[in-house]
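Quick notes on the structure that follows.
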Amino acid sequence: MPLEILLVLVVVGISGIGLMLHLTGRSRMRVLTHDLAWQDWLRHFPDDDVVDVTVSHDGHFALIRTKEVAGLLWSFGADTAARHLLDFDWLEHPEGFEILFHDFSIPRVIVRLDETERRHWRHLLDPV
Amino acid sequence: MTEQVSFPDAVQWAVPFFIAAILVEFVWIAIKGRGGRYETRDALTSLIMGAGNIASGFLLGFIAYAFFMWLWQITPLDLGTSVPVIFICFVLDDLRYYWVHRFGHRIRWVWASHVNHHSSQHYNLTTALRQTWTYTFTFMMVVRAPLILLGFHPAMVLFVGGLNLIYQFWIHTEAIRKMPRWFEAVMNTPSHHRVHHGRNARYLDCNYAGVFIIWDKLFGTFVPEQESDKVDYGLVHNIGTFNPLRVAFHEWVSIWRDATQTGLSLRQRLAYCFAPPGYSHDGSRNNSNQIKAKHLARHPEDHGTPGFEGFSASRQNGLADRS
Ligand SMILES: [Zn+2]
Ligand SMILES: [Zn+2]
């Protein structure tokens with residue numbers, strides 16, 4: 001196949017499919033409730049004993065405390081991603097916190113929290 | 001030697017068909033309200049990975065091709081390009097695919113390339129196109145050497161390999177539950193391949209087939225889809241990025257970081273590169289056998305069921321406190 005035609009097909013195909021998905025509402029992020037977050041965490045880490053779950057006001061972030069270690073669960077497109085808070089940096093951010101996992105498969109997560117939540121989350125993580 | 005053997009690049013010619021089929025699957029799911037899920041960024045990432053795979057073929061394909069042509073120079077055998085020879089080549093190349101794919105899940109160096117095909121939590125036709133950019137660096141082209149030395153022309157081997165990939169496109173769907181029984185018995189199908197994409201403990205390391213599922217049955221890696229254990233798609237540790245560059249290279253970066261830590265023996269460094277995924281020198285990670293054993297400790301009722309044959313929870317040390 002001539003390269004130009006292949007290139008046009010690929011570019012038009014990809015952008016067309018992307019546009020179609022976006023316009024039909026397929027860009028919606030997963031919204032977490034307390035129970036959904038609990039359930040999603042166990043899906044990622046079936047061995048954990050979850051102690052409590054704190055979901056952010058927008059439903060896109062949850063702080064999970066387990067018997068061993070805390071963890072962060074967040075909306076990742078229509079699904080979630082999750083990591084234990086073991087090897088990470090925790091920075092203040094105008095919208096809440098910025099979490100840098102030292103992991104190439106997760107650049108950074110900006111956790112959007114309001115003022116009250118921010119104090120609460122800090123408190124939850126502090127006693128460690 | 002056969003002179004001027006040329007075969008079309010099947011994968012490129014299939015691109016319009018891929019696009020059309022994705023549209024059909026999407027509309028089908030939208031109308032029926034079942035049979036799969038689509039998500040914008042996930043699908044875009046998969047499609048860009050597919051385009052990048054073709055591009056990496058343009059850029060790096062010459063390395064494998066030069067190697068194959070060198071083998072073709074030294075072999076005294078030439079089977080020609082008759083239709084039966086092409087068919088036999090297709091079947092043998094599918095056996096080659098089975099082993100490359102199995103290595104892809106059991107050797108971390110090869111997994112670093114293949115992992116991105118499994119990095120979506122979705123399973124639809126776009127997932128089929130989420131293909132590696134780094135296959136050349138796995139050196140898995142050597143597995144094709146016997147085919148060429150046997151007298152199958154390199155261009156023909158690459159052609160049937162393309163057909164193999166095209167076959168595997170349509171099985172990445174939840175819209176088809178089961179094919180007729182005879183078909184499920186011989187061929188790789190949506191049902192068999194869904195299982196291969198599962199991160200459920202039961203479904204780890206099975207159904208490596210490309211076109212014919214018989215290889216898995218022959219080599220003892222076949223696990224049928226279980227009504228009672230819905231497939232959970234993705235990786236044991238799902239990635240948190242849609243950035244194609246990170247998707248393509250994240251496991252290579254992890255290998256580098258793991259293998260270059262201070263204070264490791266040479267043996268441990270090599271294990272980080274070539275042992276099955278999940279190896280760690282300090283026992284902080286789990287490989288698939290350990291994941292299965294831990295699952296059995298939590299769910300003893302699954303002992304001896306498909307995917308857990310020959311596994312026992314007690315084989316895994318340090319589990320007593322968990323169970
Ligand atoms: Zn695979
Ligand atoms: Zn697949």
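In what follows, chains are A, B, ... by sequence order, proteins preceding strands, each numbered from 1. The basis for the numbers below is simple: all heavy atoms, side chains too, and nothing from hydrogens, waters or symmetry mates.
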Within this structure, what is the [atom1]-[atom2] distance for the pair [X] and [Y], rounded to the nearest 0.5 Å?
X: A:Ser15; Y: B:Leu47; atom1: OG; atom2: CG; answer: 10.0 Å
X: A:Phe104; Y: B:Asn243; atom1: CZ; atom2: CG; answer: 7.5 Å
X: A:His44; Y: B:Asn238; atom1: NE2; atom2: CG; answer: 6.0 Å
X: A:His102; Y: B:Arg257; atom1: NE2; atom2: CZ; answer: 8.5 Å
X: A:Asp47; Y: B:Asn286; atom1: CG; atom2: CG; answer: 7.0 Å
X: B:Leu44; Y: A:Ser27; atom1: CG; atom2: OG; answer: 8.5 Å

Are [X] and [Y] side-chain neighbours, meaning at least one heavy-atom pair lies under 4.5 Å?
X: A:Met1; Y: B:Asp9; value: no
X: B:Phe58; Y: A:Leu3; value: yes
X: B:Pro16; Y: A:Leu9; value: yes

| Using a cut-off of under 4.5 Å for heavy-atom pairs, which of A:Ala82, A:Gly18, A:Gly16, A:Gly25 has the most such pairs with chain B? |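 Of the candidates given, the most pairs with chain B belong to A:Gly18.
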| request: Among the options A:Thr24, A:Ile14, A:Val10, pick out the one with the most heavy-atom pairs lying under 4.5 Å from chain B. | output: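 Most pairs with chain B among the choices: A:Ile14.
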Please say whether more than 12 non-hydrogen atoms of neighbouring residues, nucleotides or ligands are located less than 6.0 Å from [atom1] in [X].
X: B:His237; atom1: NE2; result: no
X: A:Arg108; atom1: CZ; result: no
X: A:His22; atom1: NE2; result: no

| query | Which pair of heavy atoms, one from B:Ala43 and one from A:Leu21, lies closest together, and at what distance? | reply |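 Closest pair (atom of B:Ala43, atom of A:Leu21, distance): CB-CD1, 3.4 Å.
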| task | Please say which of B:Arg37, B:Arg199, B:Arg41 ends up in a salt bridge (Lys or Arg N to Asp or Glu O under 4.0 Å) with A:Asp79. | result |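 Only one option passes, and that is B:Arg37.
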So what's closer than 4.5 Å to chain A heavy atoms on [X]: side chain, backbone, both or neither?
X: B:Phe18; answer: neither
X: B:Leu235; answer: neither
X: B:Val236; answer: backbone
X: B:Leu245; answer: backbone

| Presence of salt bridge, A:Arg26 and B:Asp42, under 4.0 angstrom |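 So B:Asp42 does not pair with A:Arg26 through a salt bridge.
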| field | Whether B:Arg246 side chain and A:Ile106 backbone form a donor-acceptor pair below 3.5 Å | value |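 Not at all, since once roles are kept as given, no pair shorter than 3.5 Å links the two residues.
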| Donor-acceptor pair, side chain of B:Gln121 and main chain of A:Thr80, under 3.5 angstrom |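 Looks like yes, one N/O pair under 3.5 Å.
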| task | Hey, can you tell me if A:Phe76 and B:Phe242 have their rings parallel, tilted or perpendicular (30° and 60° cut-offs)? | result |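 A:Phe76 and B:Phe242: parallel rings.
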| said: side-chain contact (heavy atoms from CB on, under 4.5 Å), that's the test. Do B:His250 and A:Asp103 meet it? Break it down for me. | reply: CA-CA 8 Å; B:His250 70 94; A:Asp103 179 339; 5.9 Å; no
